[in-house]
Number of protein chains: 2
Amino acid sequence: MTNQRDIARLAKTSLKTVSRVINRDPLVNEVTRKRIQDIIDQTGYVPNEAARMMRSQTSDIVGFLSEDVATTSSSIDLVRGAQDVAHAMGKQMMLFNIRRGEASETEALAQLARFRAGACILATSFHREVPLPRTDMKTVLLNCYDAAGETATVLPDDRQLGHDLVQELLRRGYRRPLFLNLAPELAGARLRAEGFVAAGREAGMDLSGRIRTASAGPDRDHTYYVDEILTVEMAGPERPDVLICGQDLMALPVYFALMRLGLSVGKDVAVTSFDNLQPLAKLMQPGLTTMDLPYYDMGRVAMQQALSENDSPVRQLVQGQLVERDSLPAKGTA
Amino acid sequence: MTNQRDIARLAKTSLKTVSRVINRDPLVNEVTRKRIQDIIDQTGYVPNEAARMMRSQTSDIVGFLSEDVATTSSSIDLVRGAQDVAHAMGKQMMLFNIRRGEASETEALAQLARFRAGACILATSFHREVPLPRTDMKTVLLNCYDAAGETATVLPDDRQLGHDLVQELLRRGYRRPLFLNLAPELAGARLRAEGFVAAGREAGMDLSGRIRTASAGPDRDHTYYVDEILTVEMAGPERPDVLICGQDLMALPVYFALMRLGLSVGKDVAVTSFDNLQPLAKLMQPGLTTMDLPYYDMGRVAMQQALSENDSPVRQLVQGQLVERDSLPAKGTA
DNA sequence: TATCAATTGTCTCACGTTGTCATTATCGGT
DNA sequence: ACCGATAATGACAACGTGAGACAATTGATA
């Protein structure tokens with residue numbers, strides 16, 4: 001592989017001048033610079049990053065430890081956001097699929113230490129508390145947090161998501177929302193419930209009784225109790241005019257349940273949700289109106305934090321916004 | 001950061017002996033080894049990968065250039081499979097989201113060259129032909145192929161997928177399959193159609209007229225024409241007893257269309273598909289019987305190829321198999 | 001011609017690791 | 001005690017880059 005010495009020989013110049021050109025030292029004459037640059041381009045020389053890392057004692061590498069990238073497809077956007085920022089700043093990202101607390105985590109951290117990575121981002125597939133990893137590396141928690149709050153953290157503002165969604169529903173004239181929430185073991189579910197109740201209170205309503213737990217815990221993914229709940233509620237005295245699903249994946253069984261009950265989504269009852277899971281939310285019929293979870297932005301913020309000099313344990317909440325489709329019609333037409 | 005010299009000083013031994021311990025050289029006396037190892041553990045020393053790379057002139061890094069990781073969630077399994085193999089072999093994988101032919105691709109290849117990566121895997125989100133990237137690096141094409149066939153390639157065996165699915169349907173007594181295929185611009189769609197017709201021919205049937213194009217081209221993702229087609233076909237003289245969807249995402253609008261037609265999936269007509277997209281296929285009601293696309297295995301095979309000494313342009317086809325749920329009932333009950 | 005600035009070159013070291021080769025310690029056999 | 005053999009350890013160089021110190025060269029200007 002060509003090195004700077006080869007370039008110097010070909011350009012009939014000194015090693016030092018080549019080094020100057022590569023490191024954009026302004027002291028070099030434009031003609032010389034051009035001549036050397038041409039040779040660099042011709043030979044396809046690329047500086048040896050290993051040597052640079054060793055010499056400069058810095059590595060330009062940030063680790064991204066992702067718990068179960070596979071399970072939630074939206075978590076990919078965390079990766080994308082982080083990576084886009086990293087590359088824009090000339091940094092490299094190393095991705096590791098891990099399972100928290102298992103060997104895969106230790107190994108990933110060891111590998112990153114080998115590469116003298118400057119920081120690592122630790123992402124989970126859903127919003128929850130985690131034990132801190134044992135590492136000296138600067139760490140940013142993404143979509144998760146530690147109990148002690150000693151680490152920089154980037155989270156979705158689930159309280160805001162719940163609040164703003166309900167506020168919008170009430171503004172549009174809906175009066176009997178029913179929240180089919182995820183299991184309360186999930187931090188996001190608890191926060192959204194808070195926001196849900198708060199938005200009701202601001203409108204002079206007590207919505208605290210309008211929440212049902214409609215999914216099994218995180219250990220039993222995608223087990224929903226929507227049939228049982230809807231069979232009761234849609235025939236009950238306080239029949240909901242809008243259903244709020246804990247996530248888009250839950251909205252799918254909700255659609256099926258409503259059809260079985262002979263009810264039309266958007267006509268007999270509106271349906272909303274959280275995630276904006278692509279392309280599912282768009283492909284459902286009618287299209288699902290849902291609060292977009294800002295995973296891409298969260299990934300960006302986390303990487304910015306990882307690359308910043310700031311070492312304080314900042315806690316950053318990223319907001320989401322409503323994506324409108326047809327499952328939430330204007331109240332007049334419902 | 002501690003280095004081998006520090007360890008040597010603390011252990012009152014030479015640099016070389018420390019190096020031997022770290023590289024598990026059996027020449028070292030057990031007593032010495034233990035003494036040095038203890039110091040290594042105490043200090044938390046980790047070898048500097050940059051120095052190792054420079055000294056040994058190899059890098060243990062493989063690049064994974066992924067086109068649009070985000071769009072198709074199944075393509076994550078390509079990443080997972082590749083990564084699992086890489087880590088099992090003590091290699092590191094660097095992931096890059098790129099757009100083919102654009103600056104992001106060139107930059108990714110340049111970064112990998114900087115790190116003196118030994119190989120790169122180039123993955124697309126759907127099976128298709130690609131122009132070869134301009135690089136000297138050993139390249140493995142994953143889920144895509146070059147026209148000249150000059151590069152090692154790992155592809156899903158789409159012909160087998162189409163063939164085996166139809167063979168199984170016929171075996172179960174279905175006689176009027178209708179293939180709602182993806183756009184013929186997609187290589188996978190063409191191959192599955194071949195397999196579809198071939199399996200029919202083997203059973204003495206001419207299925208060549210039983211294929212409809214039900215999706216727009218790759219540039220207009222997730223636009224399906226299933227309503228128009230099904231409205232005609234389900235009322236026509238050759239009413240299908242089983243529908244084969246081009247992908248699980250298409251099965252979703254198919255379900256909705258059938259419901260609108262007052263038909264019950266699994267009862268009035270069976271539905272099958274390709275992908276086994278999680279968790280969608282499981283959450284649809286009834287659960288979707290679908291040919292699993294072996295993305296995880298493809299990722300594994302591609303990484304094995306990337307890490308192998310073999311430089312010949314092998315073309316490896318990875319097979320998939322049927323995942324049974326309730327949308328394809330035993331013929332007797334349909 | 002003297003002076004100065006701009007440019008280029010020489011030389012040296014440092015980063016952390018590992019391969020080559022040399023040296024020292026130990027042991028068995030005589 | 002001595003030899004040879006083997007085991008164990010050590011000294012040193014080199015990988016490619018970047019930087020500092022400073023010398024040398026060129027060209028322009030006073």
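Residue numbers begin at 1 in each chain, while the letters A, B, ... track the order of the sequences. Please read all numbers here as calculations on a predicted model, not as lab measurements.
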Partner residues of A:Asp157 under the side-chain contact (heavy atoms from CB on, under 4.5 Å) criterion, sequence neighbours left out |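 Expected list: A:Arg159, A:Gln160, A:Leu317, A:Gln319.
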For the pair made of [atom1] in [X] and [atom2] in [N], what is the distance, rounded to whole Å?
X       : N      : atom1 : atom2 : result
B:Arg5  : D:dC12 : CZ    : C1'   : 12 Å
A:Asp6  : D:dC15 : CG    : P     : 11 Å
B:Leu27 : C:dT24 : CG    : P     : 18 Å
A:Met53 : C:dT17 : CE    : P     : 12 Å
A:Gln57 : C:dC13 : CD    : C1'   : 14 Å
A:Met1  : D:dC15 : CE    : C1'   : 14 Å
A:Asn48 : C:dC15 : CG    : P     : 18 Å
B:Asn3  : C:dT18 : CG    : C1'   : 14 Å

Residues passing the side chain to side chain donor-acceptor pair (under 3.5 Å) test with A:Asp292, sequence neighbours excluded, are A:Asn276
Would you please confirm or rule out a distance under 4.0 Å between OP1 or OP2 of D:dT9 and any side-chain N or O of B:Thr13?
->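 For D:dT9, neither OP1 nor OP2 has a side-chain N or O of B:Thr13 closer than 4.0 Å.
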D:dA11 phosphate, OP1 or OP2, under 4.0 Å from B:Ser14 side-chain N/O =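 The answer is no; no side-chain N or O of B:Ser14 sits under 4.0 Å from OP1 or OP2.
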Side-chain H-bond candidate by donor/acceptor type, A:Tyr45 with A:Asn3, under 3.5 Å | no
Have A:Gln42 and A:Asp38 got a donor and an acceptor in their side chains that come within less than 3.5 Å?
-> no
Residues 92-102 of chain A vs salt bridge (charged side-chain N to carboxylate O under 4.0 Å, His left out), sequence neighbours excluded, gives A:Asp68-A:Arg99, A:Arg99-A:Glu102, A:Arg100-A:Glu105
Quick note, salt bridge (charged side-chain N to carboxylate O under 4.0 Å, His left out) partners involving residues 123-145 of chain B, not counting sequence neighbours, are B:Glu67-B:Arg128, B:Lys138-B:Asp311
Within residues 34-43 of chain A: residues closer than 4.0 Å to DNA chain D (heavy atoms) |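 Residues of residues 34-43 of chain A under 4.0 Å from DNA chain D: none.
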How does each nucleotide of nucleotides 18-23 of chain D score, in 5' to 3' order, for protein heavy atoms under 4.0 Å: base (B), sugar-phosphate only (S), or none (-)?
-> BBB---
B:Asn29 has its side chain closest, among D:dT9, D:dG10, D:dT17, to D:dT9
By salt bridge (Lys or Arg N to Asp or Glu O under 4.0 Å), which residues pair with B:Asp60, not counting sequence neighbours?
->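 Result, salt bridge (Lys or Arg N to Asp or Glu O under 4.0 Å) vs B:Asp60: B:Arg52, B:Lys91.
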For B:Arg55, which residues count as a salt bridge (Lys or Arg N to Asp or Glu O under 4.0 Å) partner, sequence neighbours excluded?
->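 Scan of B:Arg55 (salt bridge (Lys or Arg N to Asp or Glu O under 4.0 Å), adjacent residues dropped) gives none.
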What residue pairs, at least two apart or across chains, pass side chain to side chain donor-acceptor pair (under 3.5 Å) with a residue in residues 297-306 of chain A?
->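 Only A:Gln305-A:Gln316 qualify under side chain to side chain donor-acceptor pair (under 3.5 Å).
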